[in-house]
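Please see the structure below; I have some questions.
Only heavy atoms go into these numbers, but all of them, side chains included; no hydrogens, no water, no symmetry mates. Proteins come first, then strands; the chains are lettered A, B, ... in the order of their sequence lines, and each starts at number 1.
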2 protein chains.
Amino acid sequence: MGFSKENIKGVLLALLSSLFIGASFIIKKKGLRRAAAASGVRAGVGGYSYLLEPLWWLGMITMIVGEAANFIAYAFAPAVLVTPLGALSIIVSAVLAHFILKEKLHKLGVLGCVMCIAGSVIIVIHAPQEYPINSVLQIWNMATQPAFLLYVASVIVLVFILVFHFSPRCGHTDVLVYTGICSLMGSLSVMSVKALGTSLKLTFEGKNQLIYPETWFFMLVVVTCVITQMNYLNKALDSFNTAVVSPIYYVMFTTLTILASVIMFKDWDGESGGSIISEICGFIVVLSGSILLHSTKEFERSSSFRGSSYMPVSPTLSTGLCSTNGESFKHDEENVLLPEEICLRRQESTR
Amino acid sequence: MGFSKENIKGVLLALLSSLFIGASFIIKKKGLRRAAAASGVRAGVGGYSYLLEPLWWLGMITMIVGEAANFIAYAFAPAVLVTPLGALSIIVSAVLAHFILKEKLHKLGVLGCVMCIAGSVIIVIHAPQEYPINSVLQIWNMATQPAFLLYVASVIVLVFILVFHFSPRCGHTDVLVYTGICSLMGSLSVMSVKALGTSLKLTFEGKNQLIYPETWFFMLVVVTCVITQMNYLNKALDSFNTAVVSPIYYVMFTTLTILASVIMFKDWDGESGGSIISEICGFIVVLSGSILLHSTKEFERSSSFRGSSYMPVSPTLSTGLCSTNGESFKHDEENVLLPEEICLRRQESTR
């Protein structure tokens with residue numbers, strides 16, 4: 001149970017990030033509604049009037065701030081702590097949707113929120129203490145230890161098999177293929193985001209890390225992983241229902257991230273068995289809570305927006321869940337685009 | 001985090017108790033079904049053929065064994081640990097109902113089970129260590145400390161107000177009246193059951209406690225509290241739907257029992273803040289899980305049995321939840337009885 005100053009900063013940043021990301025969806029949706037009311041054309045049907053709506057831009061900024069906070073959080077606290085807390089953004093958006101958008105929150109949805117909070121508290125209480133890191137070279141050593149290299153190698157092999165063997169065959173029929181690729185790459189994204197974040201933090205503290213090629217290597221890994229992840233997340237969301245993709249993605253992504261972090265940063269060394277089990281239980285609780293929230297949203301979905309479900313995908317993808325919030329904000333897309341086109345269009349319009 | 005030998009015994013007994021109590025409902029129901037198939041008359045409609053069914057008696061015995069195990073568990077482990085674990089009997093009966101009675105378990109029901117288990121694990125991990133007790137006089141001293149006397153006095157005053165003021169006025173319209181009485185009395189039941197159990201344990205260990213009038217006083221309290229509790233639980237179940245009564249009763253009962261135990265046995269003295277918060281979160285999680293399980297049962301209820309809902313009430317009532325399992329086993333009662341009559345009839349037929 002480590003409550004170092006760094007850990008507290010990390011937790012606060014993670015909470016702030018969830019708050020911003022959760023709120024951003026509501027603000028954007030309000031913006032979209034207002035734009036639709038003003039122009040008479042819904043965004044999904046082809047209108048771009050929301051780009052003239054200040055509220056929509058405010059939502060975008062809120063989201064970027066949230067993602068930045070999440071990125072910085074990784075520099076301060078262990079991934080085992082920051083990643084699962086991403087689920088809290090669902091609560092924020094569910095609660096705000098209830099009060100601001102007047103979307104009725106199902107009773108079981110409230111239960112889901114309570115569970116997410118209880119689980120998060122348990123995770124925070126049992127979060128491991130991080131070893132202080134003074135140089136990117138230290139992280140490099142952790143990343144090149146045999147155990148972690150084995151993990152990276154397995155991830156790469158699995159991703160290749162999924163991409164080249166399964167993806168063309170059953171990518172559009174089996175939800176595990178695309179979400180599997182995203183989750184596997186996601187665990188590497190988070191590790192490299194954490195390495196990069198820590199390097200930048202050290203640089204800001206006066207210990208310039210940009211002189212080391214290792215920092216630039218981590219940056220390259222971040223970019224590669226995030227692009228792959230975005231690409232396949234779009235494919236997954238294009239082929240399957242958000243309510244199906246989100247919980248599966250969250251479970252796999254968080255589990256693999258925790259696994260990667262435990263191997264690389266040895267988060268659980270020196271932790272008592274009780275703490276580790278409590279943490280895992282906390283994670284299971286948060287997970288169950290978010291499944292519950294999603295399944296109650298499912299009831300209402302059919303009555304509001306229909307059509308293929310595109311959601312906002314934010315650049316870092318580090319929280320994994322940030323994207324799942326989009327569920328309640330997706331809008332009809334009349335013309336089906338190829339995933340690549342979607343990705344490009346999203347870059348412009350961030351829908 | 002105390003894992004003394006005594007605590008482990010207590011946990012195992014509590015788990016065993018949930019297993020037996022959970023299983024007993026399934027065995028009884030199978031007995032009832034078989035009896036109904038043999039005689040063509042359903043128990044609820046007035047038939048007593050189930051009394052000739054060995055399976056039904058096996059269920060009764062299983063339940064008595066379970067209640068006994070629960071009673072003994074209180075002698076070994078703190079009430080803060082034993083009471084919330086009672087929720088596990090719902091899981092046992094839900095899972096067994098799925099496999100043996102072929103009652104389909106809803107997906108969210110599975111989620112509820114997972115949560116109950118995760119919450120219970122957290123509670124067990126953070127259970128406080130008990131002070132060793134060598135004589136009933138020690139318990140007597142704990143029971144007569146000013147703080148606990150104040151608690152007892154408040155409980156008695158509240159119960160009197162509920163019984164004499166609210167009960168005649170809105171007992172049949174407000175679910176909180178009867179369940180409130182049960183829960184308040186229940187917290188005293190558990191404390192006295194724990195005192196009595198510990199005394200008997202010591203007596204069996206060779207330190208005869210029956211020579212002290214305090215032991216007999218605790219026995220008197222157990223009998224008084226349990227009878228009051230049973231009486232008002234029957235009234236509550238007679239006036240309201242089981243699915244409404246059960247979760248409310250479980251929350252109030254467990255909360256008050258934990259409160260009483262914390263005051264009387266000072267369970268949380270010397271515990272770290274993190275442990276206490278984790279324990280509370282664990283309790284919230286178990287609670288949410290059982291609400292979820294109950295609300296999914298609700299969906300199916302209407303399709304199977306209808307009518308006013310009587311449930312088996314076991315004598316100790318210490319687990320609080322034991323009774324709530326009855327939900328899926330209740331059968332039609334054509335003629336409405338006065339609660340007193342029900343109580344008497346139940347004594348005979350244990351329906």
Side-chain angles (χ1 to χ4, degrees), chain A residues 1-4 7-8 11 81 84 87 91 106-129 243-244 247-248 250-251 271-299, chain B residues 1-4 7-8 11 81 84 87 91 106-129 243-244 247-248 250-251 271-299:
Chain A
M1 299 201 201
F3 272 102
S4 68
N7 259 13
I8 291 172
V11 169
L81 179 57
I91 298 187
H106 192 274
K107 265 182 203 171
L108 290 181
V110 177
L111 204 65
C113 289
V114 170
M115 281 161 54
C116 284
I117 293 170
S120 302
V121 169
I122 293 166
I123 290 170
V124 170
I125 287 176
H126 299 91
Q129 181 78 49
V244 176
I248 296 175
Y250 179 67
V251 182
E271 290 284 295
S272 73
S275 276
I276 295 171
I277 296 170
S278 300
E279 223 169 304
I280 294 172
C281 285
F283 165 55
I284 292 171
V285 171
V286 172
L287 172 68
S288 312
S290 54
I291 293 177
L292 192 56
L293 251 172
H294 272 291
S295 61
T296 56
K297 271 190 181 168
E298 181 72 332
F299 295 145
Chain B
M1 299 199 201
F3 271 101
S4 68
N7 259 11
I8 291 172
V11 169
L81 179 57
I91 299 185
H106 193 272
K107 265 182 202 170
L108 290 181
V110 177
L111 205 64
C113 288
V114 170
M115 281 162 54
C116 283
I117 294 170
S120 301
V121 170
I122 293 166
I123 290 171
V124 170
I125 288 175
H126 297 91
Q129 180 79 48
V244 176
I248 297 175
Y250 180 66
V251 183
E271 291 284 294
S272 72
S275 275
I276 295 171
I277 296 170
S278 301
E279 223 169 305
I280 294 171
C281 286
F283 166 55
I284 293 171
V285 170
V286 171
L287 173 67
S288 314
S290 53
I291 293 176
L292 193 57
L293 251 173
H294 273 290
S295 61
T296 55
K297 271 191 182 169
E298 183 72 331
F299 295 145

For Ser120(A), enumerate each residue passing the side-chain contact (heavy atoms from CB on, under 4.5 Å) test, keeping only those at least two apart in sequence or located in another chain. Leu85(A), Leu88(A), Val286(A)

Chain A: which of Ile280(B), Leu287(B), Ile122(B) shares the most heavy-atom pairs with it under 4.5 Å? Ile122(B)

Sequence neighbours left out, what passes side-chain contact (heavy atoms from CB on, under 4.5 Å) with Ile277(A)? Give chain and number order. Cys281(A), Val121(B), Ile125(B)

Exercise: identify the closest heavy-atom pair between Ala118(B) and Val285(A):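 Residues Ala118(B) and Val285(A), closest heavy atoms: CB-CG2, 3.9 Å.
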
Val114(A) and Ser288(B): which non-hydrogen atoms are nearest, and at how many Å? CG1-OG, 4.3 Å

